[in-house]
Engineer: 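Below is the structure I would like to discuss, written out as structure tokens.
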Amino acid sequence: MPADQLRRTRIQDLLTSTDLNREVLVKGWVRTRRGNKYVQFIALNDGSCLATLQVVADAEKFPEESLKEVTTGSCIAVRGQLVASQGKGQTVEIQATDIEVLGTADPEAYPLQKKATSLEHLREIAHLRPRTNTFGAVLRIRHALAFAVHDYFNRHGFYYVHTPIITGSDAEGAGQMFRVTTLPPEHPARTEDGSVDFSEDFFGKATNLTVSGQLEGELAAMALGQVYTFGPTFRAENSNTARHLAEFWMIEPEMAFFDLQDNMDLAEDFLQSLVKYALEHCAADLQFLNDTYDKELLARLRSVTDNAFQRLTYTEAVEILKSAKKKFEFPVDWGTDLQSEHERYLVEKHFQKPVILTNYPKEIKAFYMKLDDDGRTVRAMDVLFPGIGEIIGGSQREEDLGKLEGRMAEMHVPADELWWYLDTRRFGTAPHAGFGLGFERLVLFVTGMTNIRDVIPFPRFPKNAEF
RNA sequence: GCUUCCUUAGCUCAGCCGGUUAGAGCAUCUGACUGUUAAUCAGAGGGUCCCUGGUUCGAGCCCAGGAGGGAGCGCCA
């Protein structure tokens with residue numbers, strides 16, 4: 001390689017380097033430029049870390065006029081000496097010998113000037129918000145958590161199974177679905193009785209975007225033993241909250257030969273490992289979020305890694321809530337689903353740590369959950385987190401074909417559409433369990449953000465699919 | 001979908017009881033300043049007060065409808 005073919009170094013690597021007084025090349029986006037007619041300072045960020053690198057440009061080499069285009073938001077390449085900093089805010093800096101403007105950013109038009117903007121406004125410029133400290137930190141943490149998910153399962157003998165995004169069943173039991181079709185919306189083919197003729201559609205039948213990979217995950221678990229899916233899921237619910245998205249990523253492990261206890265053990269160890277990974281690998285970003293948004297963030301993360309989760313049955317929880325002094329807006333009664341206020345009371349007031357609730361009444365849970373011996377409850381589990389509410393929902397599955405068919409009939413789930421699912425119980429059925437973890441809810445918890453639309457790069461929610 | 005709050009400069013906001021030419025901080029621009037840390041100091045430019053209609057001598061302010069956004073709730077992950 002010729003001597004003048006200097007390779008770019010990431011800013012994170014330069015800031016941690018002890019190998020000073022050498023020529024380096026950095027490229028990134030300008031956060032600020034300040035100074036006087038003798039010396040100019042440029043704060044440069046390349047996304048590799050939260051911190052900026054200070055570029056020093058002396059007036060002898062760089063008259064102020066030559067730096068006119070080096071404005072907040074512009075992209076530059078800087079060649080220079082990596083030296084110990086004379087200033088106080090940083091240990092190293094670059095004494096620039098050459099600055100090339102790769103892309104200008106008109107200061108009158110660029111919306112991210114060096115001034116705090118609200119998260120609400122940043123949602124409207126979501127295409128640019130990754131350039132802010134906050135979203136840089138959130139996206140790096142999001143990446144770390146995604147990596148940690150794969151790392152955890154790989155280390156524990158799970159296989160990553162890619163379940164379909166487009167599904168032919170419209171009864172996965174987890175909510176309203178988005179239709180996938182190539183039929184013309186104005187004049188779709190009609191059958192004789194006037195309904196849309198999906199036999200003319202691309203797949204020859206009605207298809208939708210998946211709401212869950214669980215059922216397919218169960219098929220794989222009945223062959224590979226321990227599997228997981230990690231992919232996008234879609235819910236066409238008109239949900240307008242800070243905890244719901246129309247498009248979100250879900251992690252769904254499914255394990256043959258696991259009962260509800262094994263399932264809880266896995267969920268707890270999994271969540272603790274993920275949070276621990278973030279604490280170890282995203283220290284600077286987490287510290288920034290802690291200092292900027294939520295002074296309790298780091299303490300709350302450690303409370304998850306350092307405490308065993310409280311486990312109790314739905315029935316026990318109802319008793320605690322009934323004897324609680326607090327007045328609830330909604331009354332608590334055995335058989336009704338718990339409201340957000342009830343879950344919050346248990347997690348944030350009563351136990352003050354994560355809670356796993358189990359053995360819910362069968363009426364309020366899905367058809368595939370294994371019936372308890374009493375015939376009234378099912379082997380369900382919900383993991384409740386402070387500030388988030390339900391972060392995991394899971395269960396031991398009903399492995400008995402007859403009982404499963406009975407539950408499907410009771411709950412009006414069309415068995416003929418799920419013939420392939422029932423085959424798992426027909427041929428070599430086995431006890432098994434699994435759960436679903438909403439990835440964005442995990443990122444929400446770990447980052448301390450309060451709106452789920454701020455932890456996914458391009459949020460999809462009712463009336464919004466911009467970018 | 002329900003409840004509730006909000007919408008004024010590029011951003012974050014103030015604007016009294018309805019009353020003359022709608023303000024501040026930051027950003028931007030111009031200038032000053034020998035190493036700054038969201039630099040500092042001085043000055044300048046910058047407005048469809050979300051939209052439509054109404055009440056009034058007069059509306060940023062009151063009323064109605066609409067649009068957009070936030071928070072809470074429901075559905076859930």
Side-chain angles (χ1 to χ4, degrees), chain A residues 31-43 51-60 64 68 71-73 83 85-90 93 95 105-125 132-133 172-176 211-214 232-252 267 292 328-330 337-344 364-366 382-385 388-394 435-445 450-456 461-464 466:
Chain A
R31 284 292 171 77
T32 64
R33 175 166 65 89
R34 55 181 171 263
N36 51 53
K37 64 181 162 189
Y38 300 96
V39 61
Q40 293 274 316
F41 302 96
I42 300 163
T52 56
L53 178 70
Q54 174 153 285
V55 176
V56 183
D58 284 326
E60 304 141 35
E64 205 177 334
K68 263 240 152 16
T71 59
T72 297
V83 296
S85 178
Q86 301 170 32
K88 286 213 177 72
Q90 57 284 318
E93 64 192 21
Q95 191 70 44
D106 177 4
E108 299 279 4
Y110 185 62
L112 291 174
Q113 292 301 333
K114 44 183 173 179
K115 164 76 178 109
T117 43
S118 66
L119 293 170
E120 289 82 1
H121 180 245
L122 289 174
R123 266 171 229 152
E124 290 170 12
I125 49 170
T132 63
N133 284 335
E172 290 170 2
Q176 285 290 112
V211 293
S212 163
Q214 180 196 315
T233 49
F234 308 86
R235 304 268 168 98
E237 305 283 350
N238 190 13
S239 295
N240 294 288
T241 80
R243 298 184 310 283
H244 290 85
L245 290 165
E247 176 182 302
F248 65 102
W249 287 65
M250 191 148 63
I251 300 150
E252 294 176 287
T292 309
F328 293 112
E329 193 185 335
F330 294 92
D337 211 350
L338 298 183
Q339 306 286 319
S340 291
E341 56 172 340
H342 305 139
E343 295 179 349
R344 293 185 74 102
I364 58 174
K365 287 294 179 184
D382 282 2
V383 181
L384 310 179
F385 259 33
I388 305 290
E390 184 182 344
I391 194 166
I392 276 181
F435 60 80
L437 166 64
F439 184 56
E440 281 75 18
R441 288 195 182 168
L442 174 73
V443 182
L444 200 57
F445 177 75
T450 51
N451 193 313
I452 202 165
R453 295 166 190 181
D454 295 332
V455 298
I456 187 168
F461 51 93
K463 300 276 184 291
N464 193 298
E466 195 66 55

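Worth knowing before you read on, the calculation uses all heavy atoms, side chains too, and leaves out hydrogens, waters and symmetry mates. Please read all numbers here as calculations on a predicted model, not as lab measurements. Proteins get letters first, then strands, A, B, ... in listed order; numbering begins at 1 in each.
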Engineer: For Arg453(A), enumerate each residue passing the side-chain hydrogen bond (donor to acceptor under 3.5 Å, both in side chains) test, keeping only those at least two apart in sequence or located in another chain.
Structural biologist: none
Engineer: Please report the interatomic distance CG(Leu122(A)) to CG(Asp454(A)), rounded to the nearest 0.5 Å.
Structural biologist: 8.0 Å
Engineer: Please confirm whether any donor atom in the side chain of Ser239(A) sits under 3.5 Å from an acceptor in the base of C76(B), or the reverse.
Structural biologist: no
Engineer: With sequence neighbours excluded, tell me which residues meet salt bridge (charged side-chain N to carboxylate O under 4.0 Å, His left out) with Arg34(A).
Structural biologist: none
Engineer: Mark up nucleotides 8-14 of chain B, 5' to 3', with B wherever a protein heavy atom is under 4.0 angstrom from a base atom, S wherever such an atom reaches only the sugar-phosphate, and - elsewhere.
Structural biologist: ---BS--
Engineer: Any idea which of G74(B), U34(B), G35(B) is nearest the Gln339(A) side chain?
Structural biologist: G74(B)
Engineer: Please report the distance separating the C1' of G54(B) from the corresponding atom of G72(B), rounded so that it comes out in whole Å.
Structural biologist: 33 Å
Engineer: Can you say whether a donor on the side chain of Arg243(A) sits under 3.5 Å from an acceptor on the base of A77(B), or the other way round?
Structural biologist: no
Engineer: Going from CD1 on Ile42(A) to CZ on Arg33(A), what distance comes out if it is rounded to the nearest 0.5 angstrom?
Structural biologist: 7.0 Å
Engineer: Check every strand shown and say whether Ile391(A) touches a base, only sugar-phosphate, or nothing at a heavy-atom separation below 4.0 Å.
Structural biologist: sugar-phosphate
Engineer: Please state the P separation for the pair C6(B) and A64(B) - nearest whole angstrom.
Structural biologist: 14 Å
Engineer: What does Arg453(A) touch in the nucleic acid at a heavy-atom separation under 4.0 angstrom: a base, only the sugar-phosphate, or nothing?
Structural biologist: sugar-phosphate
Engineer: Please pick, from U36(B), C76(B), U28(B), the nucleotide with the shortest atom-to-atom distance to any side-chain atom of Pro107(A).
Structural biologist: U28(B)
Engineer: Base, sugar-phosphate, or nothing: which does Ile392(A) touch, judged by heavy atoms less than 4.0 Å apart?
Structural biologist: sugar-phosphate
Engineer: Regarding Glu60(A), tell me which of base, sugar-phosphate or nothing describes its non-hydrogen contacts under 4.0 Å with the strands shown.
Structural biologist: nothing
Engineer: Could you tell me the separation between the CG atom of Leu338(A) and the CZ atom of Arg344(A), rounded to the nearest 0.5 Å?
Structural biologist: 14.5 Å
Engineer: Let me confirm one number: the CZ-CG distance from Phe461(A) to Asn238(A), rounded to the nearest 0.5 Å.
Structural biologist: 12.0 Å
Engineer: Taking only nitrogen or oxygen atoms into account, show me every contact under 3.5 Å that the protein makes with nucleotides 46-51 of chain B, one pair per line with its distance.
Structural biologist:
none

Engineer: Using a heavy-atom cut-off of 4.0 Å across all strands, would you classify Gln86(A) as base, sugar-phosphate, or nothing?
Structural biologist: base
Engineer: Should Arg34(A) be listed as having a side-chain N or O under 4.0 Å from OP1 or OP2 of G35(B)?
Structural biologist: no
Engineer: Side-chain N or O of Arg33(A) versus OP1/OP2 of U36(B): is the shortest distance under 4.0 Å?
Structural biologist: no
Engineer: Where do Gly389(A) and Glu343(A) come nearest, in terms of heavy atoms and distance?
Structural biologist: CA-OE1, 4.2 Å
Engineer: Let's see if you can work this out: which of C73(B), U28(B), G1(B) has an atom nearest to the side-chain heavy atoms of Gln113(A)?
Structural biologist: U28(B)
Engineer: Not counting sequence neighbours, which residues clear side-chain hydrogen bond (donor to acceptor under 3.5 Å, both in side chains) with Glu390(A)? List them please.
Structural biologist: none
Engineer: Check Val211(A) against Phe234(A) and note the closest heavy-atom contact, atom names and distance.
Structural biologist: CG1-O, 3.0 Å
Engineer: Do Asn133(A) and Arg31(A) have side-chain heavy atoms sitting under 4.5 Å apart?
Structural biologist: yes
Engineer: Within the 4.0 Å heavy-atom criterion, would you say Asn451(A) contacts the bases, only the backbone, or no part of the nucleic acid?
Structural biologist: sugar-phosphate
Engineer: Just compare C75(B), G35(B), A77(B) and give me whichever is closest to any side-chain atom of Phe248(A).
Structural biologist: A77(B)
Engineer: Looking for any heavy atom pair under 4.0 Å, which part of the strands does Arg31(A) touch: base, sugar-phosphate only, or nothing?
Structural biologist: nothing
Engineer: Could you give the distance from CZ (Arg123(A)) to CG (Asn451(A)), rounded to the nearest 0.5 Å?
Structural biologist: 4.0 Å
Engineer: Nearest to the side chain of Ile452(A), heavy atoms from C-beta on, is which of G35(B), A27(B), A77(B)?
Structural biologist: A77(B)
Engineer: Among U28(B), G35(B), C75(B), which nucleotide sits nearest the side chain of Gln54(A)?
Structural biologist: G35(B)
Engineer: Toward the 5' end of RNA chain B, which comes first, Lys463(A) or Thr72(A), by nearest nucleotide?
Structural biologist: Thr72(A)
Engineer: Tell whether Asn240(A) reaches the base of G74(B) with its side chain through a donor-acceptor pair below 3.5 angstrom.
Structural biologist: no
Engineer: Between C33(B), C75(B), A77(B), which nucleotide has the shortest distance from any of its atoms to the side chain of Lys37(A)?
Structural biologist: C33(B)
Engineer: Could you say whether Glu93(A) or Glu124(A) is positioned toward the 5' end of RNA chain B, judged by the nucleotide with the nearest heavy atom to each?
Structural biologist: Glu93(A)
Engineer: Give a yes/no answer on whether the side chain of Asn36(A) brings an N or O atom under 4.0 Å of OP1 or OP2 in C33(B).
Structural biologist: no
Engineer: Would you please enumerate the stems RNA chain B participates in, each stem being three or more consecutive Watson-Crick or G-U wobble pairs with both distances under 3.5 Å?
Structural biologist: B:1-7 with B:67-73, B:10-13 with B:23-26, B:28-32 with B:40-44, B:50-54 with B:62-66
Engineer: Classify the side chain of Gln40(A) versus the base of G35(B) as yes if they form a donor-acceptor pair under 3.5 Å and no if they do not.
Structural biologist: no
Engineer: Give one of base, sugar-phosphate or nothing for Gly35(A), where a contact means two heavy atoms less than 4.0 Å apart.
Structural biologist: base
Engineer: I'd like to check Arg243(A) versus Arg441(A) (side-chain heavy atoms, cut-off strictly below 4.5 Å). Are they in contact?
Structural biologist: yes
Engineer: So what does Gln90(A) hit on the nucleic acid, given a heavy-atom distance under 4.0 Å: a base, only sugar-phosphate, or nothing?
Structural biologist: base
Engineer: Picking from A71(B), C73(B), A38(B), which would you name as closest to the side chain of Thr241(A)?
Structural biologist: C73(B)
Engineer: Which one, G35(B), C29(B), G74(B), comes nearest to the side chain of Ser340(A)?
Structural biologist: G74(B)
